Amino acid sequence: MVNGIRVRFAPSPTGNLHLGGVRTALFNYIFALKYSGKFILRIDDTDRVRSKKEYEDVIKDDLRWFEIKWDEFYRQSERAFIYEKYLNTLKENGLAYECFCTEEEILKSKEIAIKSKKPYIYNGRCANLSSGEKEKLSFSLKEKGLYSSIRLNIAQVLRMDPSFYSVEFNDAVHGHLSFNSKLIGDFILKTEDNRFAYNFASIIDDYDLGITHVIRGEDHISNTPKQILILKALGKEPPVFAHISLLYGKDGKIMSKRDAASNIKYYKEEGYLPEAVLNYLAVTGNTFTVHSSKDGKKEIFEKEIFSNILEMADLLDIKKAKGSSAVLNEDKLRHINEKRLALMPAEQLIKVLTEKFQAASILAKLKEEYGEDFYFEIIDFLKNEFKTVKEILKELEIFFDDFKINLSGIKYDDGLRKALLDSFQNINDFNENSIKNIIKEAASQNSKTVKECYETLRLFITGRLDGPSILKIIKFLGKNRAVKRLSI
Ligand code: GLU
């Protein structure tokens with residue numbers, strides 16, 4: 001028997017990992033860390049048609065990107081023999097039965113329920129068939145090329161223990177919840193296409209893997225009574241459930257795999273730091289707010305990613321996960337990202353850029369061209385000027401000789417350019433102060449404002465009209481590069 005806290009994150013590999021999924025994974029992970037438990041990654045791939053190995057790979061890569069590390073790994077597709085074993089126990093005890101209803105018949109009953117504005121509950125037609133009837137129905141199904149499914153026999157479960165009329169549980173987030181078993185109806189455990197249904201495979205795994213706490217989105221609350229009934233029918237005790245509130249997309253809909261802005265790829269491409277995304281998920285809305293005991297609401301986790309995760313674990317209070325669901329706010333994420341970048345020591349950012357943003361070669365080139373001191377200074381400078389890694393990596397391009405500037409169609413003062421070129425060529429001691437002085441001089445000698453000089457310089461050095469301190473950029477570039485860019 002397994003001891004201690006065991007939690008799991010159980011994504012279905014039917015699409016990319018989305019931000020809501022990362023939030024659930026993070027919550028489970030820090031819960032495991034807080035209680036020195038185990039964090040299990042389980043791939044829920046019983047749906048053979050929609051599940052894809054490539055999505056499983058993306059899910060794992062994305063979790064690694066966030067430094068969410070699992071202790072154990074399972075795939076439901078490799079565990080069918082376990083579900084089969086428990087299903088047989090239910091069948092042998094008369095708690096599950098073969099259902100011969102066709103999809104068409106079920107759809108008809110659903111339509112009738114909708115018309116009479118009642119919730120659909122399976123009518124239980126196949127619960128008490130004689131063996132003769134079974135044979136007939138089975139034959140007619142097979143003639144149509146169809147197969148039977150298996151359902152839980154709730155009436156029999158209740159006969160076993162009438163207290164299950166009301167399925168009750170204490171949700172760690174929502175408190176005491178109760179559901180009327182009669183309103184659930186005999187639900188499917190194994191489908192007509194020989195697939196174990198989510199509710200069955202999931203709770204069997206949770207039991208078999210010794211999961212102590214099921215932490216997942218509150219959209220699964222309605223599945224929970226079904227899962228509890230399955231375990232009760234098997235004479236097993238359910239785990240603790242904690243249903244956390246959901247993260248909604250900007251359109252007000254639950255984050256889904258189909259949402260471009262919920263895909264982790266989007267955040268990588270936009271240059272959000274993994275620690276900033278986790279930080280955002282940890283403090284966002286009222287859903288997963290961690291509070292530090294001293295200074296109230298925590299905004300920014302300041303250390304490197306794993307220390308932050310440990311701090312989140314330390315501050316976690318699962319009861320605080322209740323509350324209004326959050327709507328994704330990219331401006332807030334950008335703000336956190338900006339702050340995280342500014343707080344990060346250059347060395348740490350270099351490590352992140354190398355390991356998480358494939359920037360190793362551009363960084364090596366920068367170091368080689370500028371030497372160790374300037375290399376760190378440039379990174380230090382840029383991280384305080386930009387909000388995302390994408391912007392920083394884009395800006396890095398201006399430090400190289402192959403940087404292309406396209407000034408076609410842009411109006412500029414060529415006389416001023418020549419004057420600035422002349423002054424730059426004659427400068428001996430190339431530092432911020434001397435550059436400042438020659439710009440002042442060039443301004444007065446050419447009856448231009450200092451601002452106009454800076455603008456012209458910026459245009460020829462960076463190809464743009466705005467950006468961070470051009471003085472600093474020129475200092476880093478050095479005289480030769482500056483002269484070259486001014487001599488078009
Ligand atoms: N595979 C399910 C999902 O992705 C897991 C739900 C659960 O945690 O039980 O929604």
Side-chain angles (χ1 to χ4, degrees), residues 5-32 37-53 55-60 62-63 68 70 72-80 82-83 167 169 171-174 177 187-189 191 195-231 238-249 253-259 262-264 288 318 321 325:
I5 298 287
R6 288 171 65 82
V7 292
R8 80 329 187 248
F9 173 52
S12 307
T14 52
N16 292 312
L17 185 63
H18 60 91
L19 216 50
V22 177
R23 191 157 147 278
T24 305
L26 175 66
F27 216 123
N28 275 285
Y29 187 42
I30 64 175
F31 189 82
K38 294 273 183 260
F39 172 69
I40 289 154
L41 175 60
R42 188 183 82 209
I43 300 292
D44 280 5
D45 56 352
T46 53
D47 186 337
R48 287 184 297 267
V49 179
R50 289 174 60 226
S51 296
K52 301 254 175 324
K53 178 70 170 60
Y55 290 131
E56 178 188 314
D57 294 341
V58 170
I59 291 167
K60 286 173 165 168
D62 286 348
L63 289 177
I68 295 178
W70 53 96
E72 291 170 33
F73 176 81
Y74 302 93
R75 260 185 219 107
Q76 287 197 324
S77 56
E78 289 160 3
R79 297 172 57 80
I82 296 170
Y83 315 138
V167 184
F169 63 99
D171 190 285
V173 176
H174 292 260
L177 297 175
F187 56 91
I188 289 182
L189 305 175
T191 63
R195 182 169 60 78
F196 287 98
Y198 155 71
N199 277 317
F200 186 65
S202 181
I203 199 66
I204 293 299
D205 269 338
D206 290 340
Y207 172 76
D208 191 75
L209 298 173
I211 301 300
T212 56
H213 294 73
V214 169
I215 303 171
R216 59 187 173 193
E218 63 187 18
D219 49 335
H220 285 291
I221 288 182
S222 60
N223 288 321
T224 310
K226 294 181 183 170
Q227 299 181 351
I228 292 177
L229 275 175
I230 292 170
L231 278 192
V240 174
F241 292 94
H243 288 97
I244 58 175
S245 52
L246 301 171
L247 185 61
Y248 287 84
K253 291 190 188 136
I254 299 177
M255 277 265 141
S256 98
K257 297 165 195 178
R258 286 166 283 277
D259 245 337
S262 78
N263 191 338
I264 303 313
F288 175 15
I318 201 150
S325 291

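Both ligands and their constituent atoms are indexed starting at 1 by order of listing. On a predicted model such as this, the values are computed, not experimentally measured, just so you know.
- Under the 3.5 Å distance criterion, with hydrogens and angles disregarded, a donor-acceptor pair is assigned to the side chains of T224 and H243.
- In terms of polar-atom proximity, A10 is counted as a contact of ligand 1, with an N or O under 3.5 Å from an N or O of the ligand.
- Evaluated for a side-chain contact (heavy atoms from CB on, under 4.5 Å) with N199, the options I204, I188, N223 yield exactly one hit, N223.
- Using a 4.0 Å cut-off between charged side-chain N and carboxylate O, D208 and R79 make a salt bridge.
- Distances shorter than 4.0 angstrom occur between a heavy atom of Y198 and an atom of ligand 1.
- For D44, the salt bridge (Lys or Arg N to Asp or Glu O under 4.0 Å) partners are R42, not counting sequence neighbours.
- Residue-ligand proximity, R216 to ligand 1, at heavy-atom distances under 4.0 Å covers atoms 7 (C), 8 (O), 9 (O).
- Applying the salt bridge (Lys or Arg N to Asp or Glu O under 4.0 Å) rule to D47 yields the partners R50; only residues at least two apart in sequence or on another chain are considered.
- Only side-chain heavy atoms of S202 come within less than 4.0 Å of ligand 1; its backbone N, CA, C and O stay farther off.
- Heavy-atom proximity to H220, at under 4.0 Å, picks out these atoms of ligand 1: 3 (C), 6 (C), 10 (O).
- Atoms of ligand 1 found under 4.0 Å from any heavy atom of S12, numbered from 1 in the order shown, are 1 (N), 2 (C), 3 (C), 4 (O).
- Within ligand 1, counting atoms from 1 as listed, the ones closer than 4.0 Å to a heavy atom of R8 are 7 (C), 8 (O), 9 (O).
- The two atoms that bring L246 and G217 nearest to each other are CD2-CA, 3.7 Å, heavy atoms only.
- Within ligand 1, counting atoms from 1 as listed, the ones closer than 4.0 Å to a heavy atom of D44 are 1 (N), 2 (C), 5 (C).
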